[in-house]
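Only one structure is covered here, and it is reproduced in the block below.
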Amino acid sequence: MRLSRYFLPTLKENPAEAQIVSHRLMLRAGLIRQQTAGIYSWLPLGHRVLSNIARIVREEQDAAGCQELLMPTLQPAELWKESGRYDDYGKEMLRIIDRHERELLYGPTNEEMVTDIFRASVRSYRDLPMTLYHIQWKFRDEVRPRFGVMRGREFLMKDAYSFDLDAAGARRSYNRMFVAYLRTFARLGLKAIPMRADSGPIGGDLSHEFVILAETGESQVFVHRELVERDILGEALDYESDLQPIVDSWTTLYAATDEKHDPIAFGALADGDRLEARGIEVGHIFHFGTTYSKPMDVSVQGPDGKPVHPEMGSYGIGVSRLVGAIIEASHDEAGIIWPESVAPFRVGLINLKPGDAAADALAGEIYAALREAGTEVLYDDRDERAGVKFADMDLIGLPWQVIVGPRGAKEGRAEIKRRRGGERHELDKAAILERLLA
RNA sequence: CGGGGCGUAGCGCAGCCUGGUAGCGCGACUGGUUUGGGACCAGUAGGUCGUCGGUUCGAAUCCGGCCGCCCCGACCA
């Protein structure tokens, strides 16, 4: 993509409404624009990031055996009256009346709807276990939206719902999702720590929040250092196997948000193992048993011919929130530093002097070669001063920069710079391509 | 929902107290000079001063209603 033709409205100054760093950078880097309180448009660059995150979430859900579907944003109120939540949910639920005076609502979550879909078509225990998910916009009419996309009213969320025959099956589904979440956040370049959360009406230990570590996080967290150092992606994984040992290995080490913090237990850890940090919640998994399957009268026929209410769980990831959360966890004074997996482009190619024959030729060749190799590259071919291009490129945070100047170009050389850390090398074209395409 | 703040050009702000017909920086556009870290000179365009009403000869400015946005708290993926 040529930057001269790309819609990338960057801002030199901080918009007054943005207080936290991710919000400021998202506005300045041309990722989003606010439409009204807590509701944002995603500009091309931001949309690419959002799509990349959704793609990774989807890949890991599929790998864990979940099936994607897509439920609507608008839901009939009847479903929520069935479960009893229509009155319970309060003003956070956006209620809508259509032309026929039918009551609708903009879904804040989809337990009722997925349960309705399930009960309409699933009859036998043989169809279980089943986990369905979708990635869809949700709306919660927060009294006070803030922090940009981290706490918007409209937000993109992955929500999954598991159906199992019994509690043991539900635990297996829960464990699969637990591990899938660890992998998902790791692939997004984040350190995510599962933390015990309030358990549901059933009690038990099947509720965890996934909190990523970021210096500017909103809440204080206390964790065993080993949890931060583990590399889940480097571990072999078979979703068909018993995952309980893996889950246990994560849940037995100390990890708590400040509400759940137990200073005595934490204090008992060795000095070097105690880690206090700031965190942002980006996911929540939750077993809730038959909370919906009973009142909504869902059952499948069991092996003995008798009806069974399925055990259910739900599992959320805040996809749009993650864009902000990743920035909170990965930025510097100059701007965003995208992890490679979610970067809107992998390479930013700067031609310092468009119009210079040697620079144009070399930059053009590198651009073509990268594109041919399938690498996403944003080519800054604008007629701007060097400083502007450097500043913009640092701001938008692409992982690699290739800088072609007239002097080096004459000798066939350009500079390659890693955004994270700023390390740079002047190399010839072949060496640059080799580094980027290795 | 309680408390506080703010709405003036695309962005950041001054002007308001003490009414007299709107200004600065950045950005945009044109021309020229520049050219490896947000250049310089000259020129141009761009504002129903959130909105409705009141006071006044005259309102961005004073008074009132409404709308919107931000911050702190309570609440939350």
Side-chain angles (χ1 to χ4, degrees), chain A residues 9-20 23-24 27-28 30 33-40 53 57 89-93 107-111 135-160 181 185 192 197-198 207-212 218-219 257 259 279-286 314-325 333-335 350-356 359 380 382-395 401-409 413-415 417 422 424 426:
Chain A
T10 58
L11 267 24
K12 201 190 312 195
E13 290 171 287
N14 282 322
E17 77 262 22
Q19 298 299 313
I20 64 164
H23 191 191
R24 284 202 296 262
L27 258 7
R28 286 191 49 209
R33 287 289 111 104
Q34 176 168 306
Q35 300 302 152
T36 183
I39 299 180
Y40 295 85
I53 294 172
V57 169
Y89 217 93
K91 293 193 167 180
E92 298 213 330
M93 179 187 281
T109 177
N110 285 67
E111 279 84 4
I135 298 174
Q136 178 63 290
W137 292 94
K138 306 287 191 295
F139 194 91
R140 292 183 195 168
D141 199 0
E142 301 274 350
V143 263
R144 193 187 156 208
R146 64 183 115 168
F147 305 149
V149 108
M150 299 255 289
R151 184 80 176 279
R153 293 194 292 172
E154 188 185 52
F155 55 97
L156 187 61
M157 182 172 168
K158 185 286 299 181
D159 41 325
Y181 272 37
F185 295 124
D198 278 321
S207 176
H208 287 88
E209 292 176 351
F210 285 75
V211 176
I212 62 141
E218 46 191 333
S219 58
T257 56
E259 305 106 57
I280 301 168
E281 185 187 346
V282 289
H284 195 172
I285 62 178
F286 188 61
S314 68
Y315 315 89
I317 290 180
V319 175
S320 49
R321 164 179 279 197
L322 272 166
V323 180
E333 312 71 44
I350 297 177
N351 183 347
L352 283 178
K353 192 167 185 180
D356 177 271
D380 190 348
R382 296 174 303 170
D383 185 19
E384 285 287 351
R385 296 179 65 79
V388 172
K389 298 187 179 196
F390 289 135
D392 273 344
M393 203 55 89
D394 284 347
L395 175 64
Q401 297 176 12
V402 175
I403 299 151
V404 178
R407 287 199 296 273
R413 295 169 77 80
E415 199 167 68
K417 172 182 159 187
R424 48 176 82 201
E426 192 176 313

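Being a predicted model, the structure only gives us computed values, none of them experimental. Proteins get letters first, then strands, A, B, ... in listed order; numbering begins at 1 in each.
- Checking B:A39, B:C26, B:A77 against every side-chain atom of A:E281, the shortest atom distance belongs to B:A77.
- Nearest to the side chain of A:L352, among B:G36, B:C70, B:A77, sits B:G36.
- Under the Watson-Crick or G-U wobble criterion, with both distances below 3.5 Å, B:C29 is paired with B:G43.
- Side chain of A:R424 to main chain of A:E415: no donor-acceptor pair is present (N/O by atom type, distance under 3.5 Å, no hydrogens or angles).
- The closest side-chain heavy-atom distance from A:I135 to A:L156 is below 4.5 Å.
- B:G36 makes up no base pair with any nucleotide shown, lacking Watson-Crick or G-U wobble contacts both under 3.5 Å.
- Each of A:P145 and A:D394 lies near RNA chain B, and the nucleotide nearest A:D394 is the one positioned closer to the 5' end.
- Here A:A386 lies in heavy-atom contact (under 4.0 Å) with sugar-phosphate atoms only.
- Between A:R140 and B:C76 there is no side-chain polar atom (N or O) within less than 4.0 angstrom of OP1 or OP2.
- A 4.5 Å side-chain heavy-atom check between A:D141 and A:M93 finds every atom pair outside the cut-off.
- In this structure, A:F185 and A:F210 have tilted ring planes: the angle between them lies in the 30° to 60° band.
- Pair check for B:A59 finds none; no Watson-Crick or G-U wobble contact set falls under 3.5 Å.
- Looking at heavy-atom distances under 4.0 Å, A:K91 makes contact with sugar-phosphate atoms alone, never a base.
- Pair check for B:U18 finds none; no Watson-Crick or G-U wobble contact set falls under 3.5 Å.
- No hydrogens or angles considered: a donor-acceptor pair under 3.5 Å links the side chains of A:S207 and A:H284.
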Any N/O pairs under 3.5 Å between the protein and nucleotides 47-51 of chain B? List them or say none.
none

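- Checking B:G64 for Watson-Crick or G-U wobble geometry (two distances, each under 3.5 Å) identifies B:C52 as its partner.
- The side-chain heavy atoms of A:I280 and A:V211, taken from C-beta on, include no pair separated by under 4.5 Å.
- Comparing the C1' positions of B:U30 and B:C72 gives a spacing of 48 Å, expressed to the nearest Å.
- Nucleotide B:C69 is matched to B:G5 when pairs are restricted to Watson-Crick or G-U wobble geometry with both distances under 3.5 angstrom.
- Across B:A59 and B:G20, the matching P atoms stand 11 Å from one another, rounded to whole Å.
- For B:C24, the paired nucleotide is B:G12, the pair qualifying as Watson-Crick or G-U wobble because both relevant distances are below 3.5 Å.
- To the nearest 0.5 Å, the span separating CD on A:Q35 from CD on A:E154 amounts to 10.0 Å.
- One can find a donor-acceptor pair under 3.5 Å joining the base of B:C76 and the side-chain atoms of A:R151.
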Protein-nucleic acid N or O pairs under 3.5 Å, nucleotides 8-14 of chain B:
residue: B:C11; atom: O2; partner: A:E13; partner atom: OE1; Å: 3.3
residue: B:G12; atom: OP1; partner: A:A16; partner atom: N; Å: 2.8

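- Rounded to whole Å, the separation between the P atoms of B:U61 and B:A42 comes to 35 Å.
- The residue A:G152 sits close to a base: some heavy atom pair falls under 4.0 Å.
- Within the 4.0 angstrom heavy-atom criterion, base atoms lie near A:G405.
- Under a 3.5 Å cut-off, the side chain of A:R413 and the backbone N or O of A:E426 do form a donor-acceptor pair.
- Side-chain atoms of A:Q136 and A:D159 include no donor-acceptor pair closer than 3.5 Å.
- Between A:Q19 and the phosphate of B:C72, there is no side-chain N or O to OP1/OP2 separation shorter than 4.0 Å.
- Using a 4.5 Å heavy-atom cutoff, the side chains of A:P145 and A:R151 are not in contact.
- Under a 4.0 Å N-O distance rule, the pair A:K417/A:D394 qualifies as a salt bridge.
- Between B:C49 and B:C71, the two C1' atoms lie 24 Å apart (nearest whole Å).
- When the C1' atom is compared between B:C67 and B:G50, the two are found 7 Å apart, to the nearest whole Å.
- Side-chain atoms of A:V323 and A:I53, non-hydrogen and from C-beta on, do get closer than 4.5 Å to each other.
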Interface polar pairs with nucleotides 2-4 of chain B, N/O, under 3.5 angstrom:
none

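- A donor-acceptor contact under 3.5 angstrom links the side-chain atoms of A:R28 to the base of B:G38.
- Remark: C1' of B:C69 and OH of A:Y40 are 10 Å apart, rounded to the nearest angstrom.
- Atom name P, nucleotides B:G47 and B:C24: the rounded distance is 16 Å, in whole Å.
- B:C29 sits 27 Å from B:G15 when the C1' atoms are compared, rounded to a whole Å.
- Distances shorter than 4.0 Å separate some side-chain N or O of A:K12 from OP1 or OP2 on B:G27.
- Between A:V149 and A:G324, the shortest heavy-atom distance links the atoms CG1-N, 3.9 Å.
- Using a 4.0 Å heavy-atom criterion, one finds that A:R424 contacts the bases of the nucleic acid, with or without backbone contacts as well.
- Remark: side-chain polar atoms of A:R28 are not paired, donor with acceptor, to backbone N or O of A:L395 under 3.5 angstrom.
- Under a 3.5 Å cut-off, the side chain of A:R140 and the backbone N or O of A:P108 do form a donor-acceptor pair.
- At a threshold of 4.0 angstrom between heavy atoms, the contacts of A:K417 include nucleobase atoms, whether or not backbone atoms are also involved.
- Contact annotation for A:E415: base contact, defined as any heavy-atom pair under 4.0 Å involving a base atom.
- Here the separation of B:A77 from B:A45, taken at their C1' atoms, is 46 Å to the nearest Å.
- The nucleotide whose nearest atom lies closest to any side-chain atom of A:F390 is, among B:G38, B:G36, B:C76, B:G36.
- When the nearest nucleotides of RNA chain B are assigned to A:D383 and A:K389 by heavy-atom distance, the more 5′-ward of the two goes with A:D383.
- Nucleic acid contact for A:T36: sugar-phosphate only, since backbone atoms but no base atoms lie under 4.0 Å from a heavy atom of the residue.
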